[in-house]
*Asks:* 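For reference, the structure I am asking about is given below.
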Amino acid sequence: MKNRGVVIPLLVGILVSGICSLAVWYRCGERAAQFVACCFLIVNAAYWIASVVRYCEIEGLCVYLMRIRSGDYSLDIRDNREGSLSKLKNDIYKLTVTLREQAELLRRDKAYLADSLADISHQIKTPLTSITVMTELLGEPALPEEKRLEFLNGIRTTLNRMEWLVSTLLKMAKLDAGSVVMKPELLGVLALCREAVEPLLIRAELGGVSLSVSGPNAPLFCDRRWTEEAVLNIVKNCIEHTKSGGWVKIQCIDNPLHVRIEVTDNGGGIHPRDLPHIFERFYRGRDAKPDSAGIGLAMARAVVLHQNGDLTAENTDVGAKFVIRFFKQVV
């Protein structure tokens, strides 16, 4: 009775039926007026019943929405009958499915964030503990000079590693947040690869690893800085897993579909159990170095995917093979 949408039409119907009954009684007599009054009464009663049923259905929708608001997305309110309420129910159900999917994605994001924070905490806590121990040892008055220099060098190395780790994590965070603005330009893929591996030449030479870059200088439309970093991380990983006397080869290939960069080594390859997880963040394989953070390959893949490319890894007869593909745009 508090619903104006029901009460007002009902009162108007009663008023109209009364006026019509009086008019019929005046013109046609009492029996005709009674018949007209009965007809209007039946119509008003039918309207009242239909309004109550509709009101109950709307009340049910309100309860349904309240349960959705409380996080219960398992309800199914679909209605295949014709009518405006059935259409409303189906639209609400579509919205429920969307909210359920978004809630699941949010749950996964929260779990992923919690795992990432735990991994980051572990990655930073280990070198900090090492620095703390070496700093305490440096405070010993009887510490020999050579040990003092060794600890100072260890602290310097650990700080450099932490600086690289924090810098890489910040770059990964920017890629995840979508705040990285790529600045693509037309480059030569061979020149780009040579420039990317230049910082690794001394490391490769000291490790006794032969490093070579070959192939055509095909045009490549990409962001120079980010692409060089992706290539550098892949080549760095190959050098670290190649023994002295081995080799790492970077080959550039051009075809009508894409420009491809293949990085191969003869370091023995990737363990079959590690291969499906090699690009997962913070994943450290069975042959990982003690100081490996497990984010270099993950960042390389994120950079390539961010530029409409693809990065895959596989094993060859002698080692590992990484393939970067930058797909050409069809005009």
Side-chain angles (χ1 to χ4, degrees), residues 119 123 161 164-165 168 171-172 175 189-190 192-216 218 220 222 226-255 257-327:
D119 289 329
Q123 295 289 343
R161 179 175 176 271
W164 172 86
L165 179 63
T168 305
K171 292 174 184 177
M172 291 291 292
L175 288 170
V189 62
L190 183 66
L192 181 141
C193 289
R194 286 176 174 170
E195 188 172 344
V197 302
E198 187 174 350
L200 301 173
L201 294 177
I202 296 177
R203 173 180 291 195
E205 184 178 353
L206 292 175
V209 178
S210 172
L211 185 61
S212 64
V213 183
S214 62
L220 176 62
C222 67
W226 283 101
T227 306
E228 285 182 354
E229 184 149 7
V231 174
L232 182 142
N233 283 329
I234 295 172
V235 176
K236 175 175 173 287
N237 181 82
C238 291
I239 292 175
E240 290 176 349
H241 292 85
T242 303
K243 297 179 180 180
S244 179
W247 49 262
V248 176
K249 297 179 181 178
I250 302 100
Q251 186 176 8
C252 304
I253 301 171
D254 183 27
N255 64 41
L257 296 179
H258 56 253
V259 176
R260 189 164 74 246
I261 302 173
E262 295 184 355
V263 183
T264 56
D265 63 43
N266 63 342
I270 305 168
H271 195 282
R273 293 184 181 177
D274 295 331
L275 195 55
H277 311 285
I278 196 70
F279 295 113
E280 293 179 7
R281 194 172 310 181
F282 302 115
Y283 182 81
R284 300 177 71 254
R286 289 156 178 77
D287 300 327
K289 302 296 181 182
D291 59 346
S292 174
I295 56 176
L297 292 179
M299 190 179 74
R301 188 170 188 268
V303 169
V304 174
L305 292 178
H306 210 74
Q307 300 185 88
N308 192 32
D310 184 34
L311 172 59
T312 58
E314 59 187 73
N315 283 321
T316 64
D317 294 337
V318 294
K321 179 179 180 181
F322 294 87
V323 181
I324 304 175
R325 297 179 181 87
F326 289 100
F327 299 99

*Asks:* Can we say Glu240 and Arg203 salt-bridge, meaning some charged N sits less than 4.0 Å from an Asp/Glu carboxylate O?
*Replies:*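 Result for this pair is yes, salt bridge flagged.
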*Asks:* So, taking the atom named SG in Cys222 and the one named CD in Glu228, what distance separates them when rounded to the nearest 0.5 Å?
*Replies:*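 Rounded to the nearest 0.5 Å, the SG-CD separation comes out at 8.5 Å.
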*Asks:* Apply side-chain contact (heavy atoms from CB on, under 4.5 Å) to Glu198 and Leu201, showing your working.
*Replies:* CA-CA 5 Å; Glu198 187 174 350; Leu201 294 177; 4.3 Å; yes
*Asks:* Does the side chain of Ile234 come within less than 4.5 Å of Ile324's, by heavy atoms?
*Replies:*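 A side-chain contact under 4.5 Å exists here.
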*Asks:* In Å, rounded to the nearest 0.5 Å, how long is the span from CD of Glu205 to CD1 of Ile239?
*Replies:*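 Between Glu205 CD and Ile239 CD1, I get 11.5 Å after rounding to 0.5 Å.
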*Asks:* Is it the case that atom CD in Glu280 sees more than 12 heavy atoms from other parts of the structure closer than 6.0 Å?
*Replies:*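 It does: Glu280 CD has more than 12 such atoms within range.
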*Asks:* Do Arg325 and Thr312 make a side-chain contact, defined as non-hydrogen atoms from C-beta onward lying under 4.5 Å apart?
*Replies:*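 Yes, close enough: below the 4.5 Å cut-off.
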*Asks:* If you count every heavy atom of other residues, nucleotides or ligands that lies below 6.0 Å from Ile202 atom CD1, does the total exceed 12?
*Replies:*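 It does not: Ile202 CD1 has 12 such atoms or fewer within range.
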*Asks:* What's the separation between atom CG in Leu311 and atom CG in Leu297, rounded to the nearest 0.5 Å?
*Replies:*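 Reported value, rounded in 0.5 Å steps: 7.5 Å.
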*Asks:* What's the shortest heavy-atom distance between Leu275 and Ala313, and which atoms?
*Replies:*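 Closest pair (atom of Leu275, atom of Ala313, distance): CD1-O, 3.9 Å.
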*Asks:* Write down the atom of Cys252, the atom of Pro216, and the distance for their closest heavy-atom approach.
*Replies:*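 Residues Cys252 and Pro216, closest heavy atoms: O-CD, 3.1 Å.
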*Asks:* Determine the minimum heavy-atom distance between Leu190 and Gly215, stating which atoms define it.
*Replies:*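 What the structure gives for the nearest pair is CD2-O, 3.2 Å.
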*Asks:* When you measure from the side chain of Asn266 to the backbone N and O of Gly246, does any donor-acceptor pair fall under 3.5 Å?
*Replies:*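 Here the side-chain-to-backbone pair does not exist.
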*Asks:* Do Arg273 and His271 make a side-chain contact, defined as non-hydrogen atoms from C-beta onward lying under 4.5 Å apart?
*Replies:*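 Yes, their side chains come closer than 4.5 Å.
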*Asks:* Any heavy-atom pair between the side chains of Phe326 and Val189 that's under 4.5 Å?
*Replies:*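 Counting from C-beta outward, Val189 and Phe326 never come under 4.5 Å.
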*Asks:* Any chance you could measure Leu200, atom CG, to Lys236, atom NZ, to the nearest 0.5 Å?
*Replies:*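 Here the interatomic distance stands at 8.0 Å.
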*Asks:* Would you say that Asp254 contacts Leu220 through its side chain, given a criterion of any heavy-atom pair below 4.5 Å between the two side chains?
*Replies:*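 The answer is no; the side chains never approach within 4.5 Å.
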*Asks:* Do Asn315 side-chain atoms and Ile270 backbone N/O form a donor-acceptor pair below 3.5 Å?
*Replies:*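 Between the backbone of Ile270 and the side chain of Asn315 there is a qualifying donor-acceptor contact (under 3.5 Å).
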*Asks:* Testing the basics here: between Ala230 and Val304, what is the closest heavy-atom pair and its distance to 0.1 Å?
*Replies:*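 Ala230 and Val304 have their closest heavy atoms at CB-CG2, 4.4 Å.
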*Asks:* If I compare all heavy atoms of Ala196 with all of Leu232, which pair ends up nearest, and what's the gap?
*Replies:*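 So the two residues come closest at O-CD1, 3.3 Å.
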*Asks:* Run the side-chain contact (heavy atoms from CB on, under 4.5 Å) test on Phe322 and Ile261 for me, step by step, so that the C-alpha distance in whole Å, both residues' side-chain angles and the decisive distance to 0.1 Å come before the verdict.
*Replies:* CA-CA 8 Å; Phe322 294 87; Ile261 302 173; over 6 Å; no
*Asks:* Given side chains that start at C-beta, do those of Ile253 and Glu262 come closer than 4.5 Å, heavy atoms only?
*Replies:*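 When only atoms from C-beta onward are counted, Glu262 and Ile253 do touch, with a gap below 4.5 Å.
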*Asks:* If the condition is salt bridge (Lys or Arg N to Asp or Glu O under 4.0 Å), which residues does Glu229 pass it with, not counting sequence neighbours?
*Replies:*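 So Glu229 forms a salt bridge (Lys or Arg N to Asp or Glu O under 4.0 Å) with Lys171.
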*Asks:* What distance do Ser212 atom OG and Lys249 atom NZ have between them, rounded to the nearest 0.5 Å?
*Replies:*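 Ser212 OG to Lys249 NZ: 6.0 Å, rounded to 0.5 Å.
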*Asks:* Answer with yes or no whether the side chains of Arg260 and His258 bring together a donor and an acceptor at under 3.5 Å.
*Replies:*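 Yes, side-chain donor-acceptor contact under 3.5 Å.
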*Asks:* Going by salt bridge (Lys or Arg N to Asp or Glu O under 4.0 Å), name the residues that satisfy it together with Glu195, two or more places apart in sequence or in a different chain.
*Replies:*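 Applying salt bridge (Lys or Arg N to Asp or Glu O under 4.0 Å) to Glu195 gives Arg224.
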*Asks:* Determine whether more than 12 heavy atoms belonging to other residues, nucleotides or ligands lie under 6.0 Å from atom CD of Glu314.
*Replies:*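 Counting other residues, nucleotides and ligands, CD of Glu314 exceeds 12 neighbours.
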